[in-house]
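Everything quoted here is computed from the prediction, not taken from an experiment. Chain letters run A, B, ... following the sequence lines, proteins first and then strands; every chain starts at 1. When reading the values below, keep in mind they use all heavy atoms of this one structure, side chains included, and skip hydrogens, waters and symmetry mates.
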Amino acid sequence: MRVCIRSGKKGFQLILPTSLFLNRFAAAIVVKMMKSKYPSLKINTKDLNKLVTAIKRYKRKHKRLEIVDIRSNNGDKVLIRL
Amino acid sequence: MSSIGTKIAFYRKAKGMTQEELAEQLGVSAQAVSKWENDIACPDIQLLVPLAKIFDTTTDDLLSTELVASVRLLQEKPDMKELTLKVLVDSKDGDKVRINLPMELVKIAMEIGMKVPQVTKHLQLQNIDLEQIISIVESGVIGNLVEVESADGDNIRIVVE
């Protein structure tokens, strides 16, 4: 996964190995955090694992898909690519 | 409003072509096609006629701002794993937001109780019922499902393709 942020003349690009955060361990951490932040969410590790599996499958099919592409009129940019 | 980039992406997908395949036919790079589709760049004027021919349409249609085939009804039940939910926000100030989410992911997110305001704080998106959109898609309707044009000129579209 690539995260590209540009603001004016400054910018940076993060290249993150997807397997680092798309795994059961990371899912368990996210569930714990989400439960404390959004108590109304009926989220559990099993559900999040389903999400992780779906993302992984999607990544295999649509490599380099731009999930988020935000561009402001003054040239700022946020790009998240699978 | 529909840009030339949106039209190219629409017709390419309708033809079942990849960006690489289209690029190869036109003698350009796949990155160039990607830039056209994301409205970062425009195709060279000399490529408009070949583009129209490949897509079995006219250059007038490619350059017009009218939306193409906004909603389609599929004959068979669509495979949710193959579909993408796109949220396109164009503000009057020129800001652009493009979010592409796998439909399957949206469905799971809805099941675990996530709501649109938890994804985005955009006021006009808060009243959109994503569960309703999912049920519409499951019944076989895809395309430009929601289009909201606010009084201050912001334009929001939800497209499933």
Side-chain angles (χ1 to χ4, degrees), chain A residues 1-8 11 13 18 21-22 24 26-28 30-82, chain B residues 3 5-6 9 12-13 18-20 23 29-31 33-41 79-122 153-154 156 161:
Chain A
M1 180 180 271
R2 284 164 193 257
V3 179
C4 175
I5 298 171
R6 179 165 290 279
S7 177
Q13 192 170 355
T18 315
F21 50 92
L22 286 185
R24 282 166 184 261
V30 170
V31 166
K32 203 174 176 185
M33 284 173 64
M34 296 278 272
K35 272 185 177 171
S36 61
K37 201 169 181 189
Y38 301 106
S40 61
L41 277 182
K42 298 170 283 179
I43 196 165
N44 57 44
T45 317
K46 201 179 163 190
D47 287 333
L48 211 65
N49 280 338
K50 270 201 307 190
L51 272 173
V52 167
T53 315
I55 296 172
K56 279 182 176 172
R57 188 171 43 234
Y58 206 74
K59 183 178 160 57
R60 275 196 294 272
K61 271 193 180 173
H62 305 271
K63 280 184 182 171
R64 296 170 66 87
L65 176 91
E66 286 167 3
I67 304 175
V68 176
D69 182 359
I70 302 170
R71 289 164 202 270
S72 72
N73 61 347
N74 56 10
D76 296 348
K77 184 173 91 170
V78 177
L79 194 75
I80 302 175
R81 188 179 280 168
L82 261 183
Chain B
S3 65
T6 315
R12 177 180 63 74
K13 284 170 188 167
T18 62
Q19 287 184 341
E20 286 79 13
S29 67
Q31 285 83 3
V33 175
S34 172
K35 283 181 180 175
W36 300 343
E37 293 186 358
N38 289 301
D39 294 323
I40 299 166
D79 183 2
M80 297 297 266
K81 289 175 190 166
E82 299 292 324
L83 296 173
T84 308
L85 178 107
K86 298 184 171 194
V87 181
L88 315 162
V89 182
D90 293 296
S91 80
K92 66 163 186 175
D93 304 322
D95 300 336
K96 282 182 177 183
V97 178
R98 303 280 181 269
I99 297 170
N100 301 313
L101 294 170
M103 205 60 205
E104 194 188 4
L105 216 68
V106 178
K107 203 179 165 188
I108 297 170
M110 288 293 109
E111 282 169 9
I112 60 174
M114 286 182 82
K115 291 191 174 84
V116 176
Q118 285 163 328
V119 180
T120 171
K121 299 271 188 243
H122 208 290
D154 294 347
I156 298 167
E161 53 186 31

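- Two residues are said to be in side-chain contact when any heavy atoms from C-beta on lie closer than 4.5 Å; A:R57 and B:E104 meet this criterion.
- The 12-atom threshold is not exceeded at NZ of B:K35, counting heavy atoms of other residues, nucleotides or ligands nearer than 6.0 Å.
- Residue B:I40 touches chain A through its side chain alone, counting heavy-atom pairs closer than 4.5 Å.
- Atom CD of A:E66 sits about 10.0 Å away from atom CD of B:E37, to the nearest 0.5 Å.
- When each of B:L101, B:T84, B:N100, B:L105 is checked for a side-chain contact (heavy atoms from CB on, under 4.5 Å) with A:I67, only B:L101 meets the rule.
- Summarising the geometry of B:D95 relative to A:N73, their closest heavy-atom pair is OD1-N, 2.8 Å, with the distance given to 0.1 Å.
- No part of A:L82 comes within reach of chain B, as not one of its non-hydrogen atoms sits under 4.5 angstrom from that chain.
- Taking NZ from B:K96 and CD1 from A:I70, the interatomic distance works out to 13.5 Å, rounded to the nearest 0.5 Å.
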